[in-house]
Number of protein chains: 2
Amino acid sequence: MIDPGQKIWSNGAIARATGQHTMGVGFVASGKPRVVDMKALKVACQTCSLYELCLPLGLENKDLDELDRIVKRQRPLQRGNYLFHVGDPFKSVYAIRTGSVKTYTCNDEGDEQVTGFHLPGELVGLDAITSGRHPCAARALETTSLCEIPFSRLEELSSHIPGLQRQLLRLMSREILEEQNMMVWLGKKTAEQRLALLLLRIARNQHERHFSPYEFNLSMSRTDIGNYLGLAVETISRLFSRFQQDGILTVERKHVVIQDMDRLRQIAHPDDCPLDTGKVLC
Amino acid sequence: MIDPGQKIWSNGAIARATGQHTMGVGFVASGKPRVVDMKALKVACQTCSLYELCLPLGLENKDLDELDRIVKRQRPLQRGNYLFHVGDPFKSVYAIRTGSVKTYTCNDEGDEQVTGFHLPGELVGLDAITSGRHPCAARALETTSLCEIPFSRLEELSSHIPGLQRQLLRLMSREILEEQNMMVWLGKKTAEQRLALLLLRIARNQHERHFSPYEFNLSMSRTDIGNYLGLAVETISRLFSRFQQDGILTVERKHVVIQDMDRLRQIAHPDDCPLDTGKVLC
DNA sequence: CGCTCGGTTGAGCGGGATCAAGCCTTGTGG
DNA sequence: CCACAAGGCTTGATCCCGCTCAACCGAGCG
């Protein structure tokens, strides 16, 4: 069940939001390319499509301007580039505009430990406030454009913009809640359920950004997924094969099309996980 | 390796902080009871022994007074009493002064899902900010005294006390970080490691509160522990037996004495989990 | 071209779940 | 005080999901 009107590749989104003078090309289901003029879309909190997901939610125009003025927007990061390393002093939080980021630590033997995947509209770096240093590294999984928000200025600003303070706390609270969910999943969900949940999370984010929840590209490798979900790579691979066999989805390398969202939801929440109250998990 | 000077039962701590006109009785290693006059210790942020763990950290006296004025302190909750239920509107966060709290959800079949154990100095309820309703229930695991902090007033206050805002953000950040750790543990730690980590967390909290990290009473049942760690009750039971056989600890019902902290640490962090940077895990 | 890396598939093993039985503690009511 | 019930805890036997090891495939790249 693919909604043709929303079938836009994430590349299109990236090009659209970077503000570069290129032409963004999105494909609609008919196969006819749709051309978007980049110059018309200046990047600013005021015009950002992530408005409802990100810090500006609920702010008035005047306050929005103030926030916008402290946000730094560099050129997009290429795949593999770092936002920060383990132990870096904590200066800024980063809002993801397009693309995706993984955060991870390494133990002494050098093997990675993925602690999170971060999608557009999410803030990265909040876990560093406590100690003043980043407890994990963050790097782009694909071409990723970010808004860097210097934390000291954000703190300052949010103390005289009540709406901003509230939204910052709300976003941190959201992260706590999501991580609680994740904990529960990892604790007692089967391999099937874990993968289904990750896919649903991605689908939900797509939906929130007004893209099709049914079709997307995985920006992360099978290895990363396994690492994140606490499963072996082989298990991930087998699961994708099984899901495909069962007609739940089609997958070809990175490209996923969800054919039966209901079944996927059913796998993820066999008896309706009540932790998701107040949130439609796609 | 028990430090005799710190061998105080948590009951003693409860009595000491509730501010009731009772006499707190702590046992020192010699067996001679030590009597503490309750009336001398008025409960206020200024004199609270959790100062460094809780919201007041870093505040000046004037600001501390302001904070103290919005804090409500009712009589301690008895074991099993609720702080709030699932779906309750979010009004306040609660700081735990003594005792402990578990948070959990129930699915339709009514079986519990423990999402966290909360120890003195921790804030409970932060996960409700996002939606304005509590996504989980919280109930006392033992006699527990709390400070209720109305959130709207806390928000208001922290916007004109920069130090308070910072500490609130710091505590939320800490919770995010701890939950990230937990996620990783649940994802790929063995049953042994998970239990060892929980015990170390309790020991660390004891230590931070200037009690002995080597000896404490578990306030939660084996069932709760298993539920929380994503393990069967039987596994928890077997692990305690094994740890005892191996001389790592002695356990008799709720009472735990850690005999070999190093070995416990070694079990928990086989190759030094770098996520714990900036924090001495006991 | 050959190398590496990411992904898939198969065979066998083991940690922890499940089922089952029994013990001990706690609480309740006579 | 004891009798009884209920729930928490322990221990044993068996089973199964997901890990590990191993081989192979295909894509991307120097």
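By convention in this document, chain letters (A, B, ...) are assigned in the order of the sequence lines, proteins followed by strands, and residues within each chain are numbered from 1.
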J.: Answer yes when A:Arg222 and A:Glu234 have at least one side-chain N-carboxylate O distance shorter than 4.0 Å, and no when they do not.
T.: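 Salt bridge: no.
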
J.: Indicate yes or no: does B:Arg201 engage B:Glu122 in a salt bridge with an N to O separation below 4.0 Å.
T.: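 Yes.
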
J.: Kindly assign one of parallel, tilted or perpendicular to the pair A:Tyr104 and A:Tyr82, based on the angle between their ring planes and the thresholds 30° and 60°.
T.: tilted

J.: Begin with the C-alpha distance, continue with both residues' side-chain angles, and end with the deciding distance and a verdict on side-chain hydrogen bond (donor to acceptor under 3.5 Å, both in side chains) for B:Asn227 and B:Glu112.
T.: CA-CA 8 Å; B:Asn227 192 319; B:Glu112 282 184 20; 5.2 Å; no

J.: Let's go through B:Ser100 and B:His118 carefully: what are the C-alpha distance in whole Å and the side-chain angles of both, what is the deciding distance for side-chain hydrogen bond (donor to acceptor under 3.5 Å, both in side chains) to 0.1 Å, and is it a yes or a no?
T.: CA-CA 6 Å; B:Ser100 51; B:His118 304 272; over 6 Å; no

J.: Report yes if the distance between the aromatic ring centroids of B:Tyr228 and B:Phe117 is under 6.0 Å, otherwise no.
T.: yes

J.: Look at atom CD of B:Glu252 and say whether more than 12 heavy atoms of other residues, nucleotides or ligands are closer to it than 6.0 Å.
T.: no

J.: What is the nucleic acid contact for A:Lys188, judged by heavy atoms within less than 4.0 Å: base, sugar-phosphate only, or nothing?
T.: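 Answer is nothing: A:Lys188 stays at 4.0 Å or more from every strand.
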
J.: Are the side chains of A:Glu179 and B:Ile176 in contact, using a 4.5 Å heavy-atom criterion?
T.: yes

J.: Whole-Å distance between D:dT10 C1' and B:Ile225 CD1?
T.: 14 Å

J.: Kindly give the atom pairs (protein nitrogen or oxygen, nucleotide nitrogen or oxygen) under 3.5 Å for nucleotides 14-21 of chain D.
T.:
residue: D:dG18; atom: OP1; partner: A:Ala191; partner atom: N; Å: 2.7
residue: D:dC19; atom: OP1; partner: A:Gly230; partner atom: O; Å: 3.4
residue: D:dC19; atom: OP1; partner: A:Ala232; partner atom: N; Å: 3.1
residue: D:dC19; atom: OP2; partner: A:Ala232; partner atom: N; Å: 3.3
residue: D:dC19; atom: OP2; partner: A:Thr235; partner atom: OG1; Å: 2.2
residue: D:dT20; atom: O4; partner: A:Arg238; partner atom: NH2; Å: 3.1
residue: D:dC21; atom: N4; partner: A:Glu234; partner atom: OE2; Å: 3.0

J.: Tabulated below should be each protein N or O lying under 3.5 Å from an N or O of nucleotides 25-30 of chain D; please produce it.
T.:
none

J.: Scan side-chain atoms only and decide if B:Asn205 and B:Arg209 contain a donor-acceptor pair under the 3.5 Å cut-off.
T.: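 Their side chains do contain a donor-acceptor pair, which is all the 3.5 Å distance test asks for.
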
J.: Would you grab the first and last nucleotide of DNA chain C (5' to 3') that comes under 4.0 Å of any non-hydrogen atom in chain A?
T.: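 Counting from the 5' end, contacts occupy C:dG7 to C:dA11.
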
J.: Any side-chain donor paired with an acceptor under 3.5 Å for A:Thr250 and A:Gln259?
T.: yes

J.: Under 4.0 Å, counting only non-hydrogen atoms across every strand here, what does A:Ser237 touch: a base, just sugar-phosphate, or nothing?
T.: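 Since a base atom lies under 4.0 Å of A:Ser237, the category is base.
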
